[in-house]
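Below is one structure, written out as structure tokens, with a few remarks after it.
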Amino acid sequence: MRLPPAINPRGRGGNYVPRAGGSKADAYANPTPTAPPTSFKMPNLKMRFGSGKRWVACLLVLIIAWPLALLGWAQYNLQHTDALRDGGASGGETYLIAGSDERDAKAQAIGFQHDTDGQRTDSLVLVRKAANGQASVVSIPRDTYTEIPDYGSNKINAAFALGGAPLLIQTVQKLTGVHVDHFALIGMGGVASVVDAIGGVNLCYDADVSDPKSMLEWKAGCHDVDGKTALAFSRMRYADPRGDVGRTDRQRQVIAKTIQKASSPTTFLNPFVQFRMAGATSSSITTDQSTGIIDLAKLALTYKSATSNKLIGAPPIENMGYATENAGSAVLLDQQLSPTFWKNFQIGTLTPDQFNKLP
């Protein structure tokens, strides 16, 4: 009798193969089961997920540790000087930035020489965040004629030569009535270093210039420039019909463009640029004893906010060629408008139309 295939006469189902040397009937009588199908094994997700968590943890450590290490390194290399000698306050925060025209190694390396005897300030910029949150920036022309405590009246930049940072700060506070909370001094070579660290900036000036004193060679328009040209751009005044006021405009432009590029995602998120920028900043800027890298970052944000709101410029000026007996031609601030201007600067109620109107 022929048995149907795949039927086990013992009542157990399954597929069977004949034993070697046996007949088909023997196979059905003494079946040999085939190996059961291999069971499906789930991947070890726990192990893989655990490994993934370790990678994420390492990445988070790097993201957090790198900025902290960079800030610590920059803070360690930041230079300090005794500048602030009183503990008064006017509410809010005020930063005084002074650009020094003292000859330094960095400036010499790119060919610049100063044209004055002793150390003087090539630029003076007050950056303030008032108690109400308003951010504003005021450039004080370096030839501004004012009273210097214990030395009589002179150009304001002479205060630095006569008494260093402390006397300069006292002079600025007496002129404006605004307390200075932070001081930062940057040398000529420092401007070039910071601009080069971020890969240059784009600057604009609508005139051709060939000025041997500042070493600026310029074709009218906007150009991408390196640190050396940016420095010459910010120093040039003899070829500018607006003189010192024109120069303060270009100095503010250089600062604003540098901050703008430094805070852009392509620059800010690049660790190599971050490293160069932190190194250039910390080695080029000297601050008062209590001002650190975090304060400089807050200064940059305040400057950027003031630029966005167009609260940036020079104080009201009455005479660009004011004749003096002891200091030659100087800049005289407007005696009627200045008191209100400085008060509004302090309390945070400045408007763009209150800045200097002279061409």
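A quick note: this is a predicted structure, and the numbers were derived from the prediction, not measured.
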Residue pairs, two or more places apart or on separate chains, that pass disulfide bond (SG atoms under 2.5 Å apart) and touch [range]:
range: residues 317-359; result: none
range: residues 262-292; result: none
range: residues 286-359; result: none

Quick check against the 3.5 Å criterion: does [X] have a side-chain atom that pairs as donor or acceptor with the backbone of [Y]?
X: D288; Y: F183; answer: yes
X: D196; Y: S193; answer: no
X: D226; Y: T229; answer: yes

Distance-only donor-acceptor hits, side chain of residues 306-317, under 3.5 Å, sequence neighbours excluded:
| unit_1 | atom_1 | unit_2 | atom_2 | d |
| --- | --- | --- | --- | --- |
| T307 | OG1 | Y303 | O | 2.9 |
| S308 | OG | K304 | O | 3.0 |
| N309 | ND2 | S305 | O | 3.2 |

Lys/Arg-Asp/Glu bridge criterion (N-O < 4.0 Å) met for R237, D143: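 Yes, R237 and D143 are salt-bridged.
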Residue pairs, two or more places apart or on separate chains, that pass salt bridge (charged side-chain N to carboxylate O under 4.0 Å, His left out) and touch residues 317-334: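 Every candidate salt bridge (charged side-chain N to carboxylate O under 4.0 Å, His left out) pair involving residues 317-334 fails, so no pair, neighbours aside, qualifies.
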N326, CG atom: more than 12 neighbouring heavy atoms under 6.0 Å: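 Yes.
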Applying side-chain contact (heavy atoms from CB on, under 4.5 Å), can you list everything that pairs with [X], at least two apart in sequence or on another chain?
X: P149; value: L167, Q170, T171, K174
X: Q253; value: L203, C204, F233, K257
X: A130; value: R128, N132
X: T351; value: D353, Q354

Distance-only polar pair, side chains of S210 and E217, donor-acceptor under 3.5 Å: yes
Distance-only polar pair, side chains of T267 and N270, donor-acceptor under 3.5 Å: no
Remaining members of the apolar cluster that contains Y145, side-chain heavy atoms under 4.5 Å: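 Cluster partners of Y145: Y322, L332.
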Under the ring pair (Phe, Tyr, Trp, His ring centres under 6.0 Å) test, residues paired with H80 that sit two or more places apart: none
Ring pair (Phe, Tyr, Trp, His ring centres under 6.0 Å) against Y95, all qualifying residues, sequence neighbours excluded: H182
Whether H223 and W218 hold their rings parallel, tilted or perpendicular, with breakpoints at 30° and 60°: perpendicular
